[in-house]
Amino acid sequence: MSDINLAGIVKSDAYKSLASKRKRISYTLTGVNVLAYSIYVLCMGFAREFMSTPVGAGPMNIGIVMVIFLIIFAAVISGYYVWWTNKRYDPALKQLLSSINEGSK
Amino acid sequence: MKYLILLTSWLLLSNNLFAAEALTGTVEKQPLNTTAITMFLVFVVTTLLITVWAAIRSKTTSALYTGGGGINYWQNGLAIAGDFISAASFLGITSALFFIGLDGSLLIIGVMGSWPVILFLIAERLRNLGRYTLVDVVSFRLKQRPVKLVIATASLAVLTFYLIGQLVGAGKLIQLLFGLDYIFALVIVSSLMIIYVSLGGMLATTWVQFIKAILLVIGGGITSFLVLKYFNFEFGKIFTSAVDSHPKGLASLQPGIGFKQPLGVVSLGLTMLLGFIGLPHVLMRMFTVKDAAAARKSSFVAISIMSLFYLMVVVIGFGAIAILNDNPETYYDAAGKLKGGGNMVAVHIAHFVGGDFLLGFMAAVTFATILAVVAGLTLSASATIAHDLYRTFAGDKHSERTEMIIMRSSVVGVGVIGILLGIIFENQNVAFVTTFALAVSASVNAPILIASMYWKNLTTRGVVWSGIIGLVSSIILIVLGPLVWVNVLGNESAIFPYGYPTIATLPITLICLYFISKFDNSDRAKQDRAGFEEQYIRSELGIGAADASNH
């Protein structure tokens, strides 16, 4: 594959729409993750009473629930991203590359 | 402030607290632990056999640095998780939860928060753009020599300081768990590390880390299962009992008993989030798999394992509050201090729920952990010296053969320097060492790496100056902060109030990076910006990336 061809692929509308979909997903997920992390860190620093609000009858509180939630959350959003890129993005990219390649021959 | 300092020492390295305790003389050499030593010897023999196997396959620089890019994604994922779950994560974070309750969770969520960012923004582009190190990626479209020199220096600073912390900790820990002499322990760790890395390269290093990660997850799994069983599998009971037993009562489950200063918490949060993203020895693992998709899958395996492991740590850490405090005669000494020092919580718990066998197992796994992490650090440091520095500066005189010799000698050099520094630092308070490594990673490596991949206007001049300024300001603020100014130099109060300087150093680096690049009108800057398109194509499509080996 020549360089000219590669640059052509990147400039094609089909690629652009696929790439923007991909960007939207990775940026949104990054944003959600950083937001969740920031809320936790800021609450640990500045909203200590809120974190101490009891949940249920025992001594469990919002802080502990948030910690357990965030540990699991990181794995869940990562799993979603890997699922999406493997099942949706990669096959679409592969198809796009091979169709452009054939078209240029 | 006292807690802040203590916590810093708990972070990642169990050792630092030992160093602090060593000053007051509370570290005692334990009687020889035969179960632990036997299990550890089995681990050593197995990994040495793997090293022989790996050495036969490691005849090129590519094989030494990255295992030829032919490592399985799930093995690599476990090895990545292993890099993060160092002896300290297990011992240090369990202890943090035990002593300061909910505040200790900051150390867990920092790791969990950083990994998704690596996956979403960095893993694939890094794999597509680089060959062996993150320096490759940053310098992709920039002027090679100055950029490589600055980023390699920052990487080496991170790795060396991380390594010193690990080695001092290793010596103390092994003295405690195995009843071996400090220097003897140091020599064992360094020698094994030299053998693994110089002969077996990345292949052996990955296997060592991979096996250890499995052992650690098994050990953590058994321990947390038995802790849950002790509480009749009632999750809530762990916290009810903790409140009853913790000296601070209900406050132990609330924020604020460990970290008093709110802005200190924010600075810690930033240091962890970005610091873990920029660790050179972890990012290097992205180059060991065959392509970007495999790098992505490795990251997911790593995150899942860490998620599972830290849930176990939550159970063990909070469970320990009730268990250890309810059995003071076994686990506390006459002075009312935890036997063996502040980092022994996990070890005591293993002993309580699983007897001598589980204690021995966990001690052996801890030793293996230190060894595996130290090997990864050394590999990354020697790749930086041989690939990023020698290869770039030798120019035409470069040869593959010399590069391999230099890489292997760097390994030996790092090992020997490690022993020497370990001896020098034996009785020093080394808490600042790890903080420094993470702060440089968070203030220099991570922001510059991300900018190099995503920001078109980044220029050589911007990287060089912001890198130098970020590095220097991190050093200055750590020296002026409580960890060095008060703890090491013995002054009354710190000039810079926070142990973690990132809250100040990160903005400094970002501002320099932005403005110097933005107003850079040199010819080189035009070239740098023009190079972005080619870099973008390659980072997205992965075409042109070095092909993975077949074996």
Side-chain angles (χ1 to χ4, degrees), chain A residues 1 3 5-7 9-11 15 19 22-23 25-34 36-38 40-54 56-61 63-64 66-68 70-79 81-83 85-86 89-90 93 97, chain B residues 102-103 105-106 108-117 119-121 124 235-237 239-240 242-244 250-251 253-256 259 261-266 268-270 272-273 292-293 296-297 299-300 302-308 310-311 314 318 533-534 536-538 540-541 543-544:
Chain A
M1 245 187 264
D3 287 344
N5 200 348
L6 282 179
I9 293 172
V10 173
K11 289 208 169 72
Y15 177 78
R22 145 81 169 263
K23 258 184 204 155
I25 289 209
S26 57
Y27 291 175
T28 311
L29 289 177
T30 306
V32 169
N33 177 67
V34 172
Y37 181 75
S38 313
Y40 161 81
V41 169
L42 290 173
C43 286
M44 288 296 284
F46 296 97
R48 290 175 176 168
E49 278 183 21
F50 167 73
M51 291 298 255
S52 312
T53 316
M60 290 277 274
N61 57 33
I64 296 171
M66 215 188 255
V67 167
I68 292 165
L70 285 173
I71 295 177
I72 298 167
F73 181 70
V76 171
I77 51 169
S78 305
Y81 176 80
V82 172
W83 173 83
T85 40
N86 283 351
Y89 179 79
D90 278 357
L93 181 66
L97 289 178
Chain B
L102 188 62
D103 274 357
S105 71
L106 280 161
I108 296 176
I109 305 302
V111 182
M112 293 315 297
S114 69
W115 262 94
V117 181
L119 171 62
F120 303 149
L121 295 184
E124 295 160 53
F235 189 64
K237 209 175 154 197
F239 298 98
T240 331
V243 169
D244 293 339
L250 192 61
L253 302 184
Q254 299 169 350
F259 294 102
Q261 303 153 302
L263 275 178
V265 172
V266 175
L268 169 69
L270 271 178
M272 308 245 333
L273 182 71
R296 182 198 297 151
K297 285 189 245 172
S299 308
F300 178 59
I303 295 169
S304 309
I305 297 290
M306 286 188 278
S307 175
L308 180 70
Y310 286 121
L311 287 175
V314 167
F318 281 109
E533 189 183 328
E534 192 200 328
Y536 174 77
I537 293 172
R538 187 167 162 150
E540 285 290 306
L541 302 181
I543 294 167

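Quick note on labels: first sequence line is chain A, next is B, and so on, each numbered from 1.
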request  = Pick one of side chain, backbone, both or neither for A/F73, based on which atoms fall under 4.5 Å of a heavy atom in chain B.
outcome  = neither
Chain B contact via A/A19 - which portion, at a heavy-atom distance below 4.5 Å = side chain
Contact class of B/V314 relative to chain A, heavy atoms under 4.5 angstrom = side chain
task = Would you confirm whether A/T30, through its side chain, and B/F120, through its main-chain N or O, come within 3.5 Å as a donor-acceptor pair?
result = no
note = Looking only at A/I68, A/L93, A/V41, most heavy-atom pairs under 4.5 Å shared with chain B are made by A/V41
B/L541, part contacting chain A, at a heavy-atom distance under 4.5 Å = side chain
message = Please classify the contact between A/V34 and chain B as side chain, backbone, both or neither, with a heavy-atom cut-off of under 4.5 Å.
response = side chain
B/P262: partners by side-chain contact (heavy atoms from CB on, under 4.5 Å), with sequence neighbours left out = A/F46
ask   = Relative to chain A, which segment of B/L263 carries a heavy atom at a distance below 4.5 Å: side chain, backbone, both, or neither?
value = both
query = With a 4.0 Å cut-off, would you call A/K23 and B/E540 a salt bridge?
reply = no
key: No-hydrogen, no-angle side-chain donor-acceptor test under 3.5 Å, A/Y40 and B/S105   = yes
inquiry  = Is A/I77 close to chain B through its backbone or its side chain, or both, or neither, when contacts mean heavy atoms under 4.5 Å?
reply    = both
ask   = When you check the gap from the basic side-chain N to the acidic O, do A/D90 and B/R296 get nearer than 4.0 Å?
value = yes
query = Which residue out of A/R22, A/E49, A/R48 racks up the most heavy-atom pairs below 4.5 Å with chain B?
reply = A/R48
ask   = Just by modelled atom types, is the B/G269 backbone N or O under 3.5 Å from a matching donor or acceptor in the A/Y37 side chain?
value = yes
ask   = Tell me, side chain or backbone of B/I109 under 4.5 Å from chain A's heavy atoms, or both, or neither?
value = both
